[in-house]
2 protein chains.
Amino acid sequence: MARKTGSHADTTRPRVRAAALQLIAQHGFAAVSMRQIAAKVGVQAGALYNYTPDKQTLLFDLLHSHMDELLTARAAAVRQGPACQQLEGFIRFHIRWHLPRGDQVFVSYMELRNLTPENFAQIEQLRRTYEDELEAILRLGVAEAVFVVVDTKITTLALIAMLTGMNNWYRESGRLPLALIEEIYVDLARRAVGVASD
Amino acid sequence: MARKTGSHADTTRPRVRAAALQLIAQHGFAAVSMRQIAAKVGVQAGALYNYTPDKQTLLFDLLHSHMDELLTARAAAVRQGPACQQLEGFIRFHIRWHLPRGDQVFVSYMELRNLTPENFAQIEQLRRTYEDELEAILRLGVAEAVFVVVDTKITTLALIAMLTGMNNWYRESGRLPLALIEEIYVDLARRAVGVASD
DNA sequence: GTCTATATGAGGATAGAC
DNA sequence: GTCTATCCTCATATAGAC
């Protein structure tokens, strides 16, 4: 496992990212040192600078990749049919994509304030794009007269918060199976937009 | 009269807490130095140690006070009547107590991982106590057969996440008046537990 | 690409004067 | 209670050998 020198860029780069992500999720960006990350990867601190110009860029790359992957996955999902069906699809997509990515989701949410203003603005725009996906569905449902929603923006934010909050407590070893939890959240979302459950 | 040195414990202590809270909310606990806090208070770093044995204890005190104040306020609120009325009361209480305390709420949520395990356990217990307040209402509603809820614990967590998420976007200068937002959330909560809105 | 060594600065915390 | 001065540790980032 421990080789002393040589070319390992292809394997080391993802390992740097993985180590950084895990440590930042556990301790927070500001509390994690480049030395800690290097130690987890198994290299010296100086070697990290082959993969990132500085610590800030490392954080930005992690968050940017996260949002890119999320939006790419969402774009690949089915987004057709009546609003009620699309809403259910969005909820299930969100849960299935976010729950297995605890560290990424946590870091992407908690470390926003450690981005420089320029980097923050970029990430925030991507986040907004994702939220707009849900709001568009709510608007569609209102237009179809199947959703009863006072304000689509507020309801969107409330639903997103509800969904994202799952990552704070969900554990695979928990009391309820994921399938049931998913059903509960689909039901909560349907109720939130004023659609009777089936 | 403006003295440069002397006894200012009564005024300095709350100023230390206020400065720490604001800086931590803005930059994060690990990123804030004792020197920064001292500068904001207008004293030298060493003087802070008259008010806290160390930085960790300062954070713990902030979070502990926050939870104490929350639970005290909640205990003083009306908690009688049918479940439907109690639910509405809880939602309004939560919003009215949390929204004006942006920094405290943010710090209390974001800095949990920077507590020592012992300190974390204490805060977590207080948080649980608060959540149990809401779950008790849901259980009551189910017992009264006016709420239709698959799982009271999950629904409790979903509602709390929805409510706490408000702090992330609500601004006094925002698009909608607080009174309307409150109505929307009361309505969302009612729908979540399966009660038709009025 | 990784190493060792280091420049340069900031961090938490303490001691002792006033 | 606050100040100044300082100890000691640790941080990010860079330079140059291999």
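Residue numbers start from 1 in every chain, and the chains themselves are labelled A, B, ... in the order their sequence lines are given, proteins ahead of strands. Both backbone and side-chain heavy atoms feed into the values below; hydrogens, waters and symmetry mates do not.
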Quick note, B:Arg35 side chain, CB onward, closest among C:dG11, C:dT2, D:dT2 is C:dG11

- Query: Where the side chain of B:Tyr51 is defined as all heavy atoms beyond and including C-beta, which of D:dG1, C:dA13, C:dC3 is the nearest nucleotide?
  - Reply: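 Nucleotide nearest to B:Tyr51's side chain: D:dG1.
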
Exercise for the section: Name all pairs fulfilling the salt bridge (Lys or Arg N to Asp or Glu O under 4.0 Å) condition that reach into residues 18-32 of chain A, sequence neighbours left out, sorted by first residue then second. Expected result: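 Listed once each, the pairs would be none.
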
Salt-bridge present ([X], [Y]; N to O < 4.0 Å):
X        : Y        : answer
B:Glu135 : B:Arg139 : yes
A:Arg113 : B:Glu111 : yes
A:Asp132 : A:Arg128 : no

Grab the [atom1]-[atom2] distance between [X] and [N] for me, whole Å please.
X       : N      : atom1 : atom2 : result
B:Met34 : C:dG11 : CE    : P     : 12 Å
B:Arg13 : D:dG1  : CZ    : P     : 8 Å
A:Tyr49 : C:dT6  : OH    : C1'   : 14 Å
B:Ile37 : C:dG11 : CD1   : P     : 11 Å
A:Gln56 : D:dA13 : CD    : P     : 10 Å
B:Leu58 : C:dG12 : CG    : P     : 11 Å
A:Asp54 : D:dT14 : CG    : C1'   : 13 Å
B:Asn50 : D:dT2  : CG    : C1'   : 7 Å

OP1 or OP2 of [N] less than 4.0 angstrom from a side-chain nitrogen or oxygen of [X], does that happen here?
X       : N      : answer
B:Gln44 : D:dT2  : no
B:Ser33 : C:dG11 : yes
A:Thr12 : C:dT2  : yes

Notebook entry, point to check: Judged by atom type as modelled, is there a donor-acceptor pair below 3.5 Å linking the side chain of A:Glu144 to the main-chain atoms of A:Ala83?
Noted result: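 Present.
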
Would you mind reading off the bend of the helix from C:dG1-D:dC18 to C:dC18-D:dG1 from its two end axes, five pairs each, to 10 degrees?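 What I find for the helix from C:dG1-D:dC18 to C:dC18-D:dG1 is an axis angle of 10°.
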
- Query: So what does B:Val32 touch, heavy atoms closer than 4.0 Å: a base, only the sugar-phosphate, or nothing?
  - Reply: sugar-phosphate

**Asked** Between B:Asp54 and B:Thr57, does any side-chain donor sit less than 3.5 Å from a side-chain acceptor?
**Response**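 Note: B:Asp54 and B:Thr57 side chains meet the donor-acceptor criterion.
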
Exercise. Do B:Tyr109 and A:Asn168 meet the criterion of a side-chain donor-acceptor pair at a distance under 3.5 Å?
Worked result: yes

Item to check | Upstream residue (5' side of DNA chain D) when A:Lys55 and B:Val43 are each assigned their closest nucleotide | outcome: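 By nearest-heavy-atom nucleotide position, the 5'-most residue is B:Val43.
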
